[in-house]
There are 2 protein chains.
Amino acid sequence: MRREPKADLDTTPIPHDAEALLQQFGCRATRPRVAVLDALIRHDGPIDATTLTELAQANEPSIHEATVYRTIGVLSELGLVNHVHAGHGPSLVRLAGNNDLVAVCQDCGAIADIPQAAFGPMIKAVERESGFVLEPGHFALEGVCADCLELR
Amino acid sequence: MRREPKADLDTTPIPHDAEALLQQFGCRATRPRVAVLDALIRHDGPIDATTLTELAQANEPSIHEATVYRTIGVLSELGLVNHVHAGHGPSLVRLAGNNDLVAVCQDCGAIADIPQAAFGPMIKAVERESGFVLEPGHFALEGVCADCLELR
DNA sequence: AATCTAGTTGCGAGCTGGTCGCAAAACCGA
DNA sequence: TCGGTTTTGCGACCAGCTCGCAACTAGATT
C-alpha cells in the first residue's frame, strides 16, 4: 500500500469536494472516507474524533469510530489533516493549511484559534537557545478564556 | 477536609525535606506522601506518574500508583506541584517554582526545558488578541530536537 | 501512653481515548 | 463483470487515569 500523495498541497488547487480530493491524492474514495473528509471540510476548526464520527454518521450511519481514527491517520499521512494535542482531553484534528495555534480554556474547554503571526520570533528564539524546532499547530496552548476569567 | 496551604510558597522558605514541607503546608505527612514528595524533590525536572511511582517505591515499596496520582492531586492543590500536558503521552509533573516551558521531541520523546523569558511578549500578544490568558508551564511545546533533526 | 476519628491507603473495578487482528465487504482497474 | 487489494465493522485489547470501599494511620485529645 503506497501512501504518498499523488497531488501536492502546495501547487494543487484543493477542490472542496471530498471525493475528488481523495482521488486526487491517489487513495480510494470509499464511502466512509468521503463522509469523514466531507464532515471535516464542512466543520470549520479543530474537532475531536468522537464528534467527527457523529458528523460523519449523519451521511454514513454505519461508520465505526475505529474507521474514523484510521481515516484520520491516512489523511494525516497525506498531509491533508493535522493533529493537535490538547491538554488532557482527546486530541483534535483539523484540515491542514491552517497553522494557527489552538488555545484551550482550562476551565470550560473553549477553543480559540490564535493567528500564528505572533509566534515567529518565539519559535526562532527557542531554536536558537535549545536547538528545538517547534511545530506550532501540533500542540495546544492552555490558559483561561476571557469569560472564565470573569467567573473566577 | 481543608486543602488550603497554611504556608505560602512566595514567602516561606522551602525546606528540601519532604516531611517538614508537608507539615508546613498543613497536611498529613504520611509515609507514602513523604516518599512521593521526596522522590519529586530528588528528581530534577518533569516526570510521569509511573516513573515517579517507581522512584517512590524505592523507599516505600507498598505504595500504589493510585496513591501517587492522589498525592500529585494534593500537592498540586497546595501549589507545590505543576501538571504539564505533554503531547499524546502521559502527563508530567514537576515541583512548582520552575515555570520554564517544557518542549517534547515528537520523534524521540526527549524533554527540554526552555526558559520562559522568551515568552512574555507572546503571552501578552495572545491576551490582547483573544482575551486568553495563557498558563505557560502547564502545556508542552512540541517539535523536533536537534539530534532527531539530523536523522531526518 | 491509650484512645479516638477524620483523613489516607491499597486494591480492584471501571472509564475514556485510542489501537489492533480478523473475516467480510467494497473499490476500481482490467 | 471479475479479481485482487484495500478497507471496513466489529470486538477485544491497551494505557492512562479515577473511583468506591474497607482497612489502616497520623496526630489531636485525653
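The sequence lines fix the lettering, A, B, ..., with proteins before strands; numbering per chain opens at 1.
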Inset, instruction - Please report, rounded to the nearest Å, how far the C1' atom of dT8(C) is from the CD1 atom of Ile72(B). - result: 16 Å
Legend entry - Contacts of His88(A) that satisfy ring-ring contact (aromatic ring centres under 6.0 Å, His included) - sequence neighbours left out: His85(B)
Legend entry - Spacing between Leu22(A) atom CG and dC28(C) atom C1', to the nearest angstrom: 14 Å
Legend entry - Exam field: side chain Gln57(A) to backbone Ile63(A), donor-acceptor pair closer than 3.5 Å: yes
Legend entry - Leu21(A) and Leu37(A), any side-chain heavy atoms less than 4.5 Å apart: yes
Legend entry - For DNA chain D, the residues among residues 55-70 of chain B that have a non-hydrogen atom under 4.0 Å from it: Ala66(B), Tyr69(B), Arg70(B)
Inset, instruction - Using the test side chain to side chain contact (heavy atoms under 4.5 Å, CB included), find all partners of Asp44(A) that sit at least two apart in sequence or belong to another chain. - result: none
Legend entry - Degree of bending, the helix from dA1(C)-dT30(D) to dA30(C)-dT1(D) (end axes from five pairs; round to 10°): 30°
Legend entry - Neighbours of DNA chain D within residues 87-94 of chain B, by heavy-atom distance under 4.0 Å: Pro90(B), Ser91(B)
Legend entry - Heavy-atom side-chain contact between Leu22(B) and Arg28(B) under 4.5 Å: no
Legend entry - His83(A): ring-ring contact (aromatic ring centres under 6.0 Å, His included) partners, not counting sequence neighbours: none
Legend entry - Between P of dG10(C) and CZ of Arg33(B), the distance in whole Å: 11 Å
Legend entry - 4.5 Å side-chain heavy-atom contact, Val81(B) and Leu40(B): yes
Inset, instruction - Using atom CD of Gln24(A) as one end and atom C1' of dC28(C) as the other, report the distance to the nearest whole Å. - result: 18 Å
Inset, instruction - Only counting residues at least two apart or in another chain, list the ones meeting side chain to side chain contact (heavy atoms under 4.5 Å, CB included) with Pro121(B). - result: none
Legend entry - Set of side chain to side chain contact (heavy atoms under 4.5 Å, CB included) partners for Ala146(A), sequence neighbours left out: none
Inset, instruction - Decide yes or no on side-chain contact (heavy atoms from CB on, under 4.5 Å) for Arg33(B) and Cys27(B), but give the supporting numbers first. - result: CA-CA 10 Å; Arg33(B) 275 183 191 171; Cys27(B) 84; 3.7 Å; yes
Legend entry - Set of side chain to side chain donor-acceptor pair (under 3.5 Å) partners for Asp147(A), sequence neighbours left out: none
Inset, instruction - Output all residues satisfying side chain to side chain contact (heavy atoms under 4.5 Å, CB included) with Leu55(A), sequence neighbours left out; order by chain, then residue number. - result: Ala39(A), His43(A), Ile47(A)
Inset, instruction - Sugar-phosphate atoms are those with a prime plus P, OP1 and OP2; base atoms are the rest. Using that split, label each nucleotide of nucleotides 23-30 of chain D B, S or - for protein heavy atoms under 4.0 Å, 5' to 3'. - result: --BBS---
Inset, instruction - List in chain and number order the residues that pass salt bridge (Lys or Arg N to Asp or Glu O under 4.0 Å) with Asp107(A), two or more places apart in sequence or in another chain; answer none if no residue qualifies. - result: Arg152(A)
